[in-house]
Each structure stands twice: as structure tokens, then as C-alpha cells.
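Step one of this worksheet: look at the structure below.
Each ligand, and each atom within it, is numbered from 1 in the order the structure gives. Note: hydrogens, waters and symmetry copies are ignored here, and every other heavy atom, side chains too, is used.
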Amino acid sequence: MDLLLLLENSLLALFVAIIAAITVSKLRGKHFRLPPGPLPVPIFGNWLQVGDDLNHRNLTQLAKKFGNILLLRMGQRHLVVVSSPELAKEVLHTQGVEFGSRTRNVVFDIFTGKGQDMVFTVYGEHWRKMRRIMTVPFFTNKVVQQYRYGWEEEAGRVVEDVKKMAEAASTGIVLRKRLQLMMYNNMFRIMFDTRFESEDDPVFVKLKALNGERSRLAQSFEYNYGDFIPILRPFLRGYLKICKEVKERRMQLFKDYFVQERKKVGSSKSMSNQGLKCAIDHILDAQQKGEINEDNVLYIVENINVAAIETTLWSIEWGIAELVNHPEIQKKLRDELDKVLGLGVQVTEPDTHRLPYLQAVIKETLRLRMAIPLLVPHMNLNDANLGGYDIPAESKILVNAWWLANNPESWKHPQEFRPERFLEEESKVEANGNDFRYLPFGVGRRSCPGIILALPILGITIGRLVQNFELLPPPGQSKIDTTEKGGQFSLHILKHSTIVAKPRAF
Ligand code: HEM
């Protein structure tokens, strides 16, 4: 009996070894010198060994084992993980064109109409055109100077509303909920010259729910199996159906409530904001000129809803959480604001440039709690070479930017939240990618163009909150929970904490 079992196991092992050898030799047959990584098994590749949760921390553990460039075979997909500043420079800068495309998966294909947007399109003519069309309405200093009054007003309204909530100063409130409304207003003022009056606005409620659902569905690891192994795709039918429904409802909402509305305003020539064009007017001009179609217009709105609002909101939420858990840092920041601006003088965008400690707090938040820790996945359209290894065409390239900024070999006590590092030993490091150890917005061709808006919004919001309130954990708690929730390439706080906001008396 034992002998029979042994024979059976041996035959099985032999079978697996043969199939593995065939798979590897198929690639090696092309004379590929592939990066190191765990030994793949047929069909599944490394999927059963490494699991679904390919977050920045798990990928860091793999890098410690296999090195700064490693290859994972997830079913039929190749995934290359890059974990050193030198290799990041190679991917994002030196070979920026070769690695400047994006991979999508079965779910991102649905939400972006197979790359009709800007964020997830391959590197080429369409991307260049979309980036050009989006630059004037969104990504210039003129936009910042036009809209910063709006952002200051929105942050001011948050302060006033929180002061009116009695429980804010006693048991505490989920501050994030009010900040979410603020972030939507900050971006919807730019996009459509419109804002939502309250958290109960029915369109806002609908929009927030659909955007939340879109993010959950896209960032989840739940659908990996059907993406990695095409023969399993029929089992994903239900999931993909929900994705399609959410996508349709969202696009319809963007169209009916915002784009069409703005078209009516445009045709009646009664534009508010002193007749200045808002972003969608520029985008619709491009459509009228035949440069893009109506779907592209809606995908631009879709991209901003995700890329701009959520990332900035997560970063604000992380910043506040760290300040609540580090009262000494919060006090030092408040002292700077009081000293530089004067007691009760509300911080504005130009002020943020003369508040070095505020800048350092923001940088440190983006370092330790990077909202997009693996950047948005890059891809090489053709076979390429990286770090002396061959990279098969259409590999998904993940740059572990979080690890670059949290590796103890290149940062002093990186696990500590210590803004002072950006005034002391790292004083030359900026968020714009001037140092390949610190890339919260990426760098190079596919880097985040929204950095120009995100940094002032972060400065105004965090500055105003700390100026006007003492931010504390709820009664009976010494700290708030900062457990992380990682997604396909996102990182946010798991629990939206209750925070006590005690108004300061001026
Ligand atoms: C704290 C806030 C933000 C963070 C941390 C962040 C981070 C990032 C990162 C890491 C990337 C990918 C870079 C790469 O793949 O190499 C990215 C791409 C992008 N971001 Fe942001 N972002 C933020 C805010 C914004 C805002 C406010 C906007 C728009 C108003 C925006 C628009 C975009 C777009 C359009 C892309 C895609 C660029 C391309 O593929 O060419 N982001 N962002």
C-alpha cells in the first residue's frame, strides 16, 4: 500500500517537474535570462506560493529573499518587482519610454473602456493627446492660483462645521466624512464650477457610493484568479457583471448631472466665476475640435474622480492620524503656524511656502503612508532588458516606491514618523522625484501631474485643522488605529477613526 502511494507521489512529482521544465524552457527557448524568483508550477505559476495579497509589505519580503529585481509568474502573467532606487531610475527615467505603458487587468479594462482614459492607456499617441488636453485645465500654476481661494474657503467651511458639532469636542467625530465632502468640492469646482452644499446632497450621496464601489471592485485582490488564469474566467462572470453595471451607472451619472449641465451653462453664456472657463469647458472644446470623443470626455471625469479625490483624501486622513498619535509633532506644527502667521490668522496657499515644518509633516506622511505605494503599474510593450535581465513583453512592472522610502539601508529609523528628517539629514529631498529613494508621485513621463494641486490642498487642509483644533484620540484611547489596507496598488487606513477636535480659543 505504502509502496503504491510512494509510486503515485513520485509519478505526480515527475509530471509536475516535466511541465515546469517545459514552461521554463519555452521562455528560455527564446534565450531569455529571466530575473530570479520562486520556482513556478504549471498553470498556476507562483500564484499558489505567494497568494493574492501582493501588497507593498509582502513584495518587500520577497525582495529580501530574491533581490531588487524579481519575477513572479502569476498564471499567465509576468510580474516584475523593482526595489532599488537605481532600478527605479532605469524604469521611470532612463528607459522611461520602454517601460512607460500601463497594464490593465480584466476589471480595469471595464472601468477604462480598455484604456480610452489617460491613467491606464499605453504609452503612445492617445496618451500624449489626453495628457496635453488635460494639462491646461488641471495641471498648471494658473489653475492653482485660480482655485486656491475655493480650497481655502472649503477648508474654512470644514472648520466652521466641525465647530458647530457638539460631539466633536467631546466623544469625537469621523472627521474623514466631512473632509470627503471638502475634497469632492475642491475638485468639482475645478471640473464643473460646482459644489455640493452638504453631505446629504442626493447627487453627492450617489456619486460617493458609486466611486466607492468602483474603487473597492478595482483594488480588490478577489478577482486575481480569473485575471491570472484565463480558463478560470467563467467563474468571474458574476463579478465582472457587477463591474459593468457600476461602470455604466457612473458614466451615466457623470454625463447627466455634470457634463450635460455644463453644456447648457456654456450655451447660455452665463458662466459664473467671472466668466472663466472651468476644466470641462476646455475638455469639451477639444471634443468639438474632434481631438477626442464623448467617451474620452467621460473617462477624463472618471480619472479625476479616482486619481485626484481619493488619493488626496487618503493622504489627508493619514496625516491627521499621525498627528493625533504624535501630539508633540502636532504641537510643534501648531506653534509654527501661530508664530509665522499670528494667532488665528488662517493659513492660505501662499503661506504654505513659508511653513517648513508643515511641508515636512506632509512629506513625512507621504513617505511613511504612501497612498500609491507601488505606483500605478507600468508595462513594457516589447521585450526589454532591466538590470542585466530579460523582461518579456507586456510584463507588469511594479516599482515598490514604499520600500524605496522605507528601507533602513537608506533612511534613518524609517519606521518612525519624524518630519524633522526632511529639515535635517534629508533636507534636499522633494516630493517631485529629485531623489529616487522618495517617489510618492512617481517621476518621469507617467508621473503624477496632480502633484501641483495635491501639495497645496494638503497644506491648506492640514494647516487649517491644526490651527483651529487640538486633534485627539477619543476618550479612553491613547492612540487611534492605523492599521493599513493595501489594494492592487493603493494604501489607505483600514478604519476611518473617530477623532476629537477641540476648538482652540483665540
Ligand atoms: C496626494 C495625492 C496624490 C498622490 C499620492 C498621487 C500619486 C500618483 C502616483 C504614484 C501616480 C503614478 C505614477 C507612475 O505610475 O509612475 C499618479 C498618477 C496620476 N495621477 Fe496622481 N496622485 C495624487 C493626486 C492627484 C491629483 C490631485 C490628480 C489630478 C488632479 C492626479 C492625477 C493623476 C493622473 C492623471 C495620473 C496618471 C498619469 C499618467 O499615467 O500619465 N493625482 N499619481
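Checking only distances, Leu439 never comes within under 3.5 Å of ligand 1, N or O to N or O.
Residue contact annotation: Phe139 has a non-hydrogen atom under 4.0 Å from ligand 1. Ligand 1 lies within reach of Trp127, whose nearest heavy atom is under 4.0 Å from it. The closest approach between a heavy atom of Met187 and any atom of ligand 1 is below 4.0 Å. At a 4.0 Å cut-off, not a single heavy atom of Phe138 sits close enough to ligand 1 to count as contact.
Side-chain atoms of Gln346 and Asn468 include a donor-acceptor pair closer than 3.5 Å. Under the 3.5 Å distance criterion, with hydrogens and angles disregarded, a donor-acceptor pair is assigned to the side chains of Tyr123 and Arg445.
Counting the atoms of ligand 1 from 1 in the order shown, those under 4.0 Å from a heavy atom of Pro440 are 5 (C), 7 (C), 10 (C). Against a heavy-atom cut-off of under 4.0 Å, Ile372 is close to the following atoms of ligand 1: 7 (C), 10 (C). Using a 4.0 Å cut-off to heavy atoms of Leu375, the atoms of ligand 1 that qualify are 10 (C), 14 (C), 15 (O), 16 (O). Residue Leu453 approaches ligand 1 through these ligand atoms, each under 4.0 Å from one of its heavy atoms: 30 (C). Listed by number with element, the atoms of ligand 1 under 4.0 Å from a non-hydrogen atom of Pro449 are 19 (C), 20 (N), 33 (C), 34 (C), 35 (C), 36 (C), 38 (C). Near Arg102, meaning under 4.0 Å from any of its heavy atoms, are these atoms of ligand 1: 14 (C), 15 (O), 39 (C), 40 (O).
Taking 4.5 Å as the limit, every side-chain heavy atom of Glu197 sits out of range of all side-chain heavy atoms of Phe204. The shortest side-chain heavy-atom distance between Gln145 and Lys142 does not fall under the 4.5 Å cut-off. Using a 4.5 Å cut-off on side-chain heavy atoms (C-beta onward), Pro373 and Trp403 make no contact.
Other residues, nucleotides and ligands contribute more than 12 heavy atoms inside 6.0 Å of the NZ atom of Lys247.
Closest to atom 2 (C) of ligand 1 by heavy atom, among Ile457, Thr312, Thr121, Thr365, is Thr312. Considering only non-hydrogen atoms, atom 31 (C) of ligand 1 lies nearest to Cys448 out of Cys448, Gly433, Pro373. Taking each of Arg446, Arg445, Arg128, Met130 in turn, the one with a heavy atom nearest to atom 39 (C) of ligand 1 proves to be Arg446.
The side-chain tip of Arg421 does not point at the ring of Trp411 from less than 6.0 angstrom away and within 45° of straight on. The side-chain tip of Arg214 points at the ring of Phe111 from less than 6.0 angstrom away and within 45° of straight on.
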